[in-house]
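Here's the structure we're looking at; comments come further down.
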Amino acid sequence: MTVKELRKQTGLSQNKFAEYLNIPVVNIQHWEQGVRNPPKYVMSLIERILITEGMIQKSLHNQR
């Protein structure tokens, strides 16, 4: 899944998503716009946090 797909599953805006994960909003914007790609370890951490905290379903994570 992409950052945008993960964020959309949470129903959060870019600002709220960045705030929730304590990541600068500009990083979220750049990742979603394809300006930069998030490091793989960051994607794994974001997915793990969202699954653990019930923000997304584990079945969504397994669709990759």
Side-chain angles (χ1 to χ4, degrees):
M1 289 192 122
T2 67
V3 171
K4 188 172 189 170
E5 291 169 333
L6 288 171
R7 182 180 63 77
K8 292 280 187 181
Q9 290 298 322
T10 67
L12 297 173
S13 67
Q14 287 181 340
N15 287 332
K16 292 292 183 185
F17 191 71
E19 183 179 307
Y20 182 79
L21 295 170
N22 199 28
I23 295 173
V25 71
V26 71
N27 287 8
I28 302 297
Q29 292 167 340
H30 285 172
W31 295 339
E32 288 190 9
Q33 295 168 0
V35 173
R36 290 192 316 251
N37 291 318
K40 289 182 183 183
Y41 78 91
V42 171
M43 282 300 296
S44 293
L45 288 172
I46 290 172
E47 289 175 353
R48 200 171 315 160
I49 290 167
L50 296 177
I51 290 167
T52 301
E53 296 190 6
M55 296 292 288
I56 62 171
Q57 297 174 14
K58 190 169 186 165
S59 62
L60 293 174
H61 166 68
N62 291 332
Q63 290 178 0
R64 304 203 289 153

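As the structure is a computational prediction, the values presented were derived from the model and not from experiment. All residue numbers in this chain count up from 1 along the given sequence.
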If two hydrophobic side chains count as joined below 4.5 Å and joins carry through other members, does Leu6 share a cluster with Val35? no
Residues that Ile49 engages under side chain to side chain contact (heavy atoms under 4.5 Å, CB included), provided they are two or more places apart: Tyr20, Leu21, Glu53
So CZ of Phe17 and CE of Met55: to nearest 0.5 Å the spacing works out to 8.0 Å
Lys4: which residues meet the side chain to side chain contact (heavy atoms under 4.5 Å, CB included) condition with it, sequence neighbours left out? Thr2, Arg7, Lys8, Glu32
To the nearest 0.5 Å, how far apart are CD in Glu5 and CD1 in Ile56? 10.5 Å
Nearest 0.5 Å please: distance from the CD atom of Gln33 over to the CD atom of Gln14. 7.0 Å
Do Met43 and Val26 sit in one hydrophobic cluster, given that two such residues count as connected whenever their side-chain heavy atoms are within less than 4.5 Å of each other, even indirectly? no
Who pairs with Asn15 by side chain to side chain contact (heavy atoms under 4.5 Å, CB included), at least two apart in sequence or on another chain? Ser13, Val25
Using every non-hydrogen atom in the two residues, find where Ile23 and Asn27 come nearest and quote the distance to one decimal. CG2-CB, 3.7 Å
In a check of side-chain contact (heavy atoms from CB on, under 4.5 Å) between Arg48 and each of Ile46, Ile51, Thr52, which one passes? Thr52
I need the minimum non-hydrogen distance between Ala18 and Pro24, along with the two atoms involved. CB-C, 4.1 Å
